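For clarity, every value in this text was computed on a predicted model and none was experimentally measured. In this chain, residues are counted from 1 in sequence order.
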Amino acid sequence: AQQMVESGGGSVQPGGSLRLSCAASGDFAAIGWFRQAPGKEREGVAAIYIYNSGTRYADSVKGRFFISRDYVKNTVDLQMNSLIPEDTAIYYCASKGLYRGNWDDIETYETWGQGTQVTVSS
């Protein structure tokens, strides 16, 4: 069975960096990172397509966040730089087995991790 496990969350001051990791087991078409802030809907942050390692980003994180695969550790990592308070949220990684929908279509992702908290505050 597919399984997703996030790690690396925590608290950081504005301007700081954090690196999240998603340990993924199984076969996937794409893995995405999503986030949900209190009182807001879950939104896509970034995704990576397995067949060509193509990446996608939300406009709000372009140039600050970077998604990548670590083939040794078998993880998909999200490097988050220049963090701002608006990045505060629970971050989830998710996988989908088929190339369908847009990269940030939540309903096309079948397997989700439990989430990891990221807090950006001074």
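Contact between Thr75 and Ala23 at its shortest, heavy atoms only, is CG2-CA, 4.1 Å. When all heavy atoms of Leu98 and Glu110 are compared, the pair lying nearest together is N-OE2, 4.4 Å. Taking both residues in full, the closest heavy atoms of Thr88 and Val120 are given as OG1-N, 2.9 Å, listed atom of the first, atom of the second, then distance. For Ala94 against Met4, the heavy-atom pair with the smallest separation is C-CE, 3.8 Å. Taking all atoms of both residues into account, the shortest heavy-atom contact from Ser82 to Arg64 is O-NH1, 2.9 Å. When all heavy atoms of Ala89 and Ala37 are compared, the pair lying nearest together is CB-N, 3.8 Å.
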For a quick test of your reading: what N or O donor-acceptor pairs under 3.5 Å do the side chains of residues 11-20 make, sequence neighbours left out?
{"unit_1": "Ser17", "atom_1": "OG", "unit_2": "Asn81", "atom_2": "OD1", "d": "3.0"}
{"unit_1": "Arg19", "atom_1": "NH1", "unit_2": "Gln79", "atom_2": "OE1", "d": "2.9"}
{"unit_1": "Arg19", "atom_1": "NH2", "unit_2": "Asp77", "atom_2": "OD2", "d": "3.4"}

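Under a 3.5 Å cut-off, the side chain of Ser25 and the backbone N or O of Gln3 do form a donor-acceptor pair. In this structure a side-chain-to-backbone donor-acceptor pair under 3.5 Å is missing from Tyr49 to Ile31.
Within the model, atoms CD of Glu6 and SG of Cys22 stand 6.0 Å from one another, a figure rounded to the nearest 0.5 Å. Lys62 NZ to Thr55 OG1: the interatomic distance, rounded to the nearest 0.5 Å, is 9.5 Å. Taking CD of Gln36 as the start and OH of Tyr91 as the end, the distance is 12.0 Å to the nearest 0.5 Å.
Under the 4.5 Å side-chain criterion, counting only non-hydrogen atoms from C-beta, Asp87 is in contact with Arg35.
Lys73 meets the salt bridge (charged side-chain N to carboxylate O under 4.0 Å, His left out) test with Asp70; sequence neighbours excluded. For Asp27, there are no salt bridge (charged side-chain N to carboxylate O under 4.0 Å, His left out) partners at least two apart in sequence or on another chain. Judged as a side-chain contact (heavy atoms from CB on, under 4.5 Å), and not counting sequence neighbours, the contacts of Ser7 are Ser21.
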Apply the test side-chain contact (heavy atoms from CB on, under 4.5 Å) to residues Thr116 and Ile90: give CA-CA distance (whole Å), side-chain angles for both, the deciding distance (0.1 Å), then the verdict.
CA-CA 5 Å; Thr116 185; Ile90 299 174; 6.0 Å; no
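Among pairs with a residue in residues 55-89, none fulfils ring pair (Phe, Tyr, Trp, His ring centres under 6.0 Å), at least two apart in sequence or across chains. A side chain to side chain donor-acceptor pair (under 3.5 Å) check over residues 100-109, counting only residues at least two apart or in different chains, returns the pairs Lys96-Thr108.
Seen from the ring of Tyr92, Arg42 counts as a face-on cation partner, given the 6.0 Å and 45° thresholds.
The side-chain contact (heavy atoms from CB on, under 4.5 Å) with Ser95 is formed by just one residue from the set Thr111, Ile50, Val76; it is Thr111.
Relative orientation of the Tyr99 and Tyr51 rings is perpendicular, given thresholds of 30° and 60° on the angle between their planes.
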